[in-house]
Amino acid sequence: MQDTGIVRRIDELGRVVIPKELRRTLRIREGDPLEIYTENDQLVFKKYSPLAGLTENASAVADGIKEVTECACIITDTDKVLYVSDSKYKDLLNKHLSFEVDKILKERKCVVHDGGFKHISLVQGVEPQIESLIIAPIVSNGDCYGSVIMIDSQSRTFAFSNGKKFVELGASFLSKQFE
């Protein structure tokens with residue numbers, strides 16, 4: 001574990017402030033759930049992802065979308081890529097989402113990007129060749145838990161034109177797991 005040199009005191013209610021620099025580095029925002037546990041003699045704070053516990057359902061959704069549309073499908077939580085249905089995009093696994101995708105998730109609206117001049121980056125530091133994509137946030141009770149993303153790298157116009165419905169259905173199915 002890296003020593004940051006930052007020391008904080010616990011107040012009378014047992015609270016401790018996580019420094020802004022660390023929150024920014026770890027992409028922890030106000031309202032984010034944190035998992036707290038001990039490991040050996042250390043207290044560990046870890047960003048909690050409820051969607052990570054639904055890997056079986058998430059992988060079934062992604063694999064089903066890929067089977068029907070022949071387009072790759074990715075499942076993310078609000079921070080990183082959790083599952084990829086196509087080995088072509090396996091290098092995206094566990095990568096942090098780009099600020100563009102983060103912004104889309106905050107808006108909680110389905111986005112269809114059909115190529116053109118503007119490029120949307122999916123994750124930080126990796127730029128796969130993507131012709132078109134559809135991003136549907138997974139929203140339950142007003143909270144965004146992640147997204148279902150369909151990628152078309154080979155201009156499958158028919159599959160992609162109907163893909164929005166498949167992606168929204170997948171996101172809807174996964175959102176029902178949180179109700």
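One hydrophobic cluster, built from ILVMFWY side chains closer than 4.5 Å, holds both V112 and I75. Cluster membership check: F99 does not share its hydrophobic cluster with L92, using side-chain heavy-atom separations under 4.5 Å among Ile, Leu, Val, Met, Phe, Trp and Tyr. When hydrophobic clusters are built by joining Ile, Leu, Val, Met, Phe, Trp and Tyr residues whose side-chain heavy atoms come closer than 4.5 Å, directly or via intermediates, V111 is grouped together with L97. In the hydrophobic cluster analysis, where Ile, Leu, Val, Met, Phe, Trp and Tyr join through side-chain heavy atoms closer than 4.5 angstrom, F173 is grouped together with I134. Cluster annotation: V16 is connected to L26 through the hydrophobic network of ILVMFWY side chains, with a link wherever side-chain heavy atoms come within less than 4.5 Å.
The distance from atom CG of L82 to atom CG of N94, rounded to the nearest 0.5 Å, is 7.5 Å. A distance of 8.0 Å separates CD1 in I65 from CE in M150, rounded to the nearest 0.5 Å. In this structure, the separation between OG on S147 and CG on L105 is 5.0 Å, given to the nearest 0.5 Å. Taken to the nearest 0.5 Å, the NZ atom of K106 stands 12.0 Å off from the CD1 atom of I104. We find the OG-CD distance between S98 and Q124 to be 7.5 Å, quoted to the nearest 0.5 Å. With rounding to the nearest 0.5 Å, the separation of NZ in K80 from NZ in K47 is 9.5 Å.
Taking all atoms of both residues into account, the shortest heavy-atom contact from E21 to I6 is OE1-CD1, 4.2 Å. Taking both residues in full, the closest heavy atoms of A171 and P137 are given as CB-O, 3.5 Å, listed atom of the first, atom of the second, then distance. Between L51 and Y145, the shortest heavy-atom distance links the atoms CD2-O, 3.8 Å. Looking at every heavy atom in both residues, V167 comes nearest to V148 through CG1-O, 3.2 Å. In plain terms, the two heavy atoms of R23 and I18 that are nearest each other are NH1-O, 2.7 Å. In terms of heavy-atom proximity, E168 sits nearest to C110 at OE2-CB, 3.6 Å.
With R24 contributing its side chain and L22 its backbone, the two residues share no donor-acceptor pair below 3.5 Å. Judged by distance alone, with hydrogens and angles left aside, the side-chain atoms of D11 form a donor-acceptor pair with the main-chain N or O of L13 at under 3.5 Å. A donor-acceptor pair under 3.5 Å is formed between the side chain of D86 and the backbone N or O of K88. At least one donor-acceptor pair under 3.5 Å links the side chain of S175 to the backbone N or O of S172. Proximity of a side-chain donor or acceptor of K95 to a complementary backbone N or O of L122 within less than 3.5 Å is not detected. E100 places a side-chain N or O within 3.5 Å of a backbone atom of S121 that can act as its donor or acceptor partner. With hydrogens and angles ignored, the 3.5 Å screen pairs no side-chain donor or acceptor of S49 with any backbone N or O of D77.
More than 12 heavy atoms of other residues, nucleotides or ligands sit less than 6.0 Å from atom NZ of K90. Heavy atoms of other residues, nucleotides or ligands lying less than 6.0 angstrom from CD of E107 number more than 12. Summarising the local packing, CD of E35 is surrounded by more than 12 heavy atoms from other residues, nucleotides or ligands at distances under 6.0 Å.
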*Taking it one step at a time, do R29 and D102 satisfy side-chain contact (heavy atoms from CB on, under 4.5 Å)?*
CA-CA 12 Å; R29 297 177 219 58; D102 192 44; 2.7 Å; yes
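Exactly one of T55, T76, D63 qualifies for a side chain to side chain donor-acceptor pair (under 3.5 Å) with Y83. That residue is D63.
Here the side chains of L133 and I74 are not in contact, with every heavy-atom distance at 4.5 Å or above. Between H96 and D79, the closest side-chain pair of non-hydrogen atoms falls below 4.5 Å. L34 places none of its side-chain heavy atoms less than 4.5 Å from the side chain of Y48.
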